[in-house]
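Notes follow once the structure below has been shown.
Letters go in sequence order (proteins before strands), and every chain restarts at 1. Nothing here was measured: the structure is a model prediction, and the numbers come from that model.
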Number of protein chains: 2
Amino acid sequence: MPTVSSEELAAAAGVNSAKLRKDFSYLGSYGTRGVGYDVEYLVYQISRELGLTQDWPVVIVGIGNLGAALANYGGFASRGFRVAALIDADPAMAGKPVAGIPVQHTDELEKIIDDNGVSIGVIATPAGAAQQVCERLVAAGVTSILNFAPTVLSVPDGVDVRKVDLSIELQILAFHEQRKAGEEAEAQADAALEAEAGAAAAAAGKSGKGPDGDVPAVMPA
Amino acid sequence: MPTVSSEELAAAAGVNSAKLRKDFSYLGSYGTRGVGYDVEYLVYQISRELGLTQDWPVVIVGIGNLGAALANYGGFASRGFRVAALIDADPAMAGKPVAGIPVQHTDELEKIIDDNGVSIGVIATPAGAAQQVCERLVAAGVTSILNFAPTVLSVPDGVDVRKVDLSIELQILAFHEQRKAGEEAEAQADAALEAEAGAAAAAAGKSGKGPDGDVPAVMPA
DNA sequence: CCATCTTTGTGCACGCGTTCACAAAGGCAT
DNA sequence: ATGCCTTTGTGAACGCGTGCACAAAGATGG
Ligand SMILES: NC(=O)c1ccc[n+]([C@@H]2O[C@H](COP(=O)([O-])OP(=O)(O)OC[C@H]3O[C@@H](n4cnc5c(N)ncnc54)[C@H](O)[C@@H]3O)[C@@H](O)[C@H]2O)c1
Ligand SMILES: NC(=O)c1ccc[n+]([C@@H]2O[C@H](COP(=O)([O-])OP(=O)(O)OC[C@H]3O[C@@H](n4cnc5c(N)ncnc54)[C@H](O)[C@@H]3O)[C@@H](O)[C@H]2O)c1
């Protein structure tokens with residue numbers, strides 16, 4: 001029976017072994033003292049706990065550059081996610097296959113969600129359309145949203161939103177880069193400022209937003 | 001003079017006003033008691049602190065679906081990032097313009113980095129090539145990397161890596177989704193398990209990895 | 001069957017980030 | 001000028017996650 005010790009796993013994941021053991025203990029006591037954890041059983045338990053033993057149908061709304069890349073991405077399927085439908089507002093795209101899946105028009109959104117029992121939606125529309133799309137998804141029964149548009153979505157309680165903002169990722173890198181390049185100690189205010197910076201820009205009289213409502217320019221430019 | 005109070009900003013950003021004030025205090029005391037913060041000055045100070053007042057040249061390596069979408073993304077420029085070059089290993093792509101920028105071959109990588117003084121690199125290659133690309137970038141002088149490939153990159157001290165893993169974002173949503181759908185209290189082990197799950201899969205004899213070395217399948221499938 | 005050795009599971013303490021709460025500061029009206 | 005009112009800046013307390021350290025568990029070998 002192949003096993004791993006918490007020490008080995010901790011080294012591989014780059015975390016403390018005690019923390020790892022404590023985390024595992026929340027799932028129950030699957031380890032064997034003096035031996036370690038049964039790899040196969042452990043993988044199964046974690047998979048089950050994380051919800052990987054079931055297939056999650058997802059819809060992607062907004063099949064532009066990013067949406068198409070996501071549709072083509074094979075990494076989702078291997079983690080238990082199935083692209084149930086691609087949805088776009090552009091009538092010219094309707095019926096056109098992307099990654100082998102025909103794009104459907106936004107009109108069908110509610111029906112698609114309902115028919116497929118979709119509870120997870122991905123938003124890859126321009127920022128200006130995101131909130132509206134979000135509301136339709138939620139109204140149709142979606143309770144988890146992965147948002148790529150650079151907007152803060154407001155949703156009712158019970159709905160989870162995760163935002164992927166690539167600009168902020170780069171900003172965080174640039175921030176640390178600046179540190180390395182000089183500027184002695186300075187402040188320790190880091191990523192926390194990010195959200196606040198956005199809020200400040202918004203407070204600046206909404207003048208920071210472009211015509212199509214995309215990324216608020218924090219820099220006066 | 002347009003001003004904002006910490007209370008207003010905190011409400012907008014969804015954080016505690018005391019925390020926000022304390023964060024700002026690390027940048028110095030820019031507020032006026034009884035009035036609030038001068039919006040314009042505040043925005044400038046935060047921009048400067050975050051490194052947004054200078055332009056950062058970045059290179060994108062791996063111009064496939066995702067890399068092309070990134071190259072086309074306008075949100076970078078508005079935050080002070082300039083796409084200095086697009087790099088791909090496919091000779092067929094060399095010279096072909098993507099988003100108006102001609103793709104250059106990997107052979108030129110070191111020269112491009114050096115000529116443009118690039119310190120931030122984006123990796124959008126398949127997972128199997130990521131570590132190698134990473135090493136070349138670092139050797140050429142890049143000290144910050146944004147990694148989209150589903151691999152843990154190992155880098156020398158002094159180099160920052162941020163990883164964007166869309167599968168994990170979806171997994172986190174699915175995890176909470178599963179909670180809502182039943183399964184009473186259970187464990188509170190959440191995202192912390194993600195990294196450990198990957199390590200466990202790796203420990204499972206590397207059998208979880210596909211032929212092209214993409215996403216390790218945590219689920220035995 | 002007992003001794004020994006390895007590794008788990010977890011109580012406890014430490015440290016850090018968040019929040020509370022309030023004195024000091026400054027504007028503004030009278 | 002004086003007093004009042006608003007909002008900042010921050011000391012102190014709280015809470016939580018992390019890591020240490022060790023007793024208990026179990027395997028393994030003699
Ligand atoms: N491309 C990137 O790398 C990238 C990176 C970060 C963030 N983003 C963000 O992701 C979003 C999409 O980026 P993109 O580059 O794919 O843009 P895009 O313009 O190429 O695609 C947007 C798509 O959304 C569709 N759309 C517009 N309104 C819609 C609506 N109401 N309902 C359904 N579909 C609608 C459009 O028809 C179009 O196909 C943007 O908000 C962008 O800021 C993109
Ligand atoms: N497409 C997505 O939505 C998505 C989402 C999450 C993660 N990812 C990850 O991002 C990466 C890219 O995804 P994609 O869909 O764009 O894949 P892709 O196959 O479309 O593109 C990969 C590109 O990298 C180039 N390449 C290969 N080896 C290279 C090397 N050594 N040096 C430089 N270039 C090289 C290829 O020529 C190709 O153009 C993958 O690791 C994928 O797992 C993609």
Side-chain angles (χ1 to χ4, degrees), chain A residues 1-46 49-50 172 175-176 179 185-200 203-204, chain B residues 1-46 49-50 172 175-176 179 185-200 203-204:
Chain A
M1 184 179 80
T3 59
V4 261
S5 70
S6 62
E7 204 64 57
E8 292 174 278
L9 281 176
V15 298
N16 182 283
S17 66
K19 178 185 189 308
L20 190 141
R21 284 198 299 278
K22 190 162 285 185
D23 284 352
F24 283 4
S25 76
Y26 290 122
L27 312 182
S29 291
Y30 299 132
T32 306
R33 295 172 187 227
V35 177
Y37 299 88
D38 173 12
V39 171
E40 195 182 344
Y41 190 55
L42 180 63
V43 167
Y44 168 72
Q45 286 296 342
I46 294 178
E49 182 66 24
L50 293 179
I172 294 171
F175 176 72
H176 289 116
R179 284 290 171 81
E186 278 203 49
Q188 67 238 56
D190 61 332
L193 274 174
E194 298 290 345
E196 296 156 4
Chain B
M1 184 181 80
T3 59
V4 261
S5 69
S6 61
E7 204 63 59
E8 292 173 277
L9 281 176
V15 298
N16 183 285
S17 67
K19 177 185 190 304
L20 190 141
R21 283 198 299 279
K22 189 161 283 185
D23 284 352
F24 283 4
S25 75
Y26 290 123
L27 312 181
S29 292
Y30 300 131
T32 305
R33 293 171 188 229
V35 177
Y37 299 88
D38 173 12
V39 170
E40 195 182 344
Y41 189 56
L42 179 64
V43 167
Y44 168 73
Q45 286 297 342
I46 293 178
E49 183 67 23
L50 294 180
I172 293 171
F175 176 72
H176 289 116
R179 283 289 172 81
E186 278 203 52
Q188 68 239 54
D190 62 331
L193 274 175
E194 299 289 345
E196 295 156 6

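A straight line from CG of B:Asp23 to C1' of C:dG17 spans 10 Å, rounded to a whole angstrom. Look at CZ on B:Phe24: it is 14 Å from P on D:dT10, rounded to the nearest Å. For the pair B:Leu42 CG and D:dT8 P, the interatomic distance rounds to 11 Å; values are reported in whole Å. Between B:Glu8 atom CD and D:dT7 atom P there is a gap of 8 Å when expressed in whole angstrom units. Rounded to whole angstrom, the span from the CG atom of B:Leu9 across to the C1' atom of D:dT7 amounts to 13 Å. Rounded to whole angstrom, the span from the CG atom of B:Asn16 across to the P atom of D:dC16 amounts to 15 Å. In this structure, CG of A:Asp38 is placed 16 Å from P of C:dT7, rounded to the nearest angstrom. Distance, B:Glu7 CD to C:dC20 P: 11 Å, rounded to whole Å.
Using a 4.0 Å cut-off, some side-chain N or O of A:Tyr37 falls inside it from OP1 or OP2 of C:dG9. B:Lys19 has no side-chain polar atom (N or O) that falls below the 4.0 Å cut-off from OP1 or OP2 of C:dT19.
B:Ala11 is linked by a side-chain contact (heavy atoms from CB on, under 4.5 Å) to nothing, counting only residues two or more places apart in sequence or in another chain. For A:Thr32, the side-chain contact (heavy atoms from CB on, under 4.5 Å) test picks out A:Val35, with sequence neighbours left out.
Looking at B:Leu9 and B:Leu42, their side chains come closer than 4.5 Å, going by heavy atoms from C-beta outward. By the 4.5 Å heavy-atom criterion applied to side chains, A:Tyr26 and A:Lys22 are counted as neighbours.
Closest non-hydrogen pair, A:Ser6 versus A:Ser17, comes out as O-CB, 3.9 Å. Here the closest non-hydrogen pair linking A:Asp38 and A:Pro2 is OD1-O, 3.5 Å.
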Atom pairs under 3.5 Å, N or O on each side, protein against nucleotides 11-13 of chain C: can you list them with distances?
unit_1: C:dG11; atom_1: O6; unit_2: A:Lys22; atom_2: NZ; d: 3.3
unit_1: C:dC12; atom_1: N4; unit_2: A:Lys22; atom_2: NZ; d: 3.4

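Residue-level contact check: B:Ser6 touches the backbone only, with heavy atoms under 4.0 Å from sugar-phosphate atoms and none from bases.
Here A:Phe24 and A:Tyr37 bring their ring centres to under 6.0 angstrom of each other.
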Walk along nucleotides 21-30 of chain D from 5' to 3' and tag each nucleotide B, S or - by protein heavy-atom contact under 4.0 Å, base first, then sugar-phosphate. B--BB-S---
Can you check side chain to side chain donor-acceptor pair (under 3.5 Å) on B:Glu40 and B:Tyr44, steps first, answer last? CA-CA 6 Å; B:Glu40 195 182 344; B:Tyr44 168 73; over 6 Å; no
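Of the possible donor and acceptor atoms, one in the side chain of A:Glu8 sits under 3.5 Å from a partner among the backbone N and O of A:Ser5.
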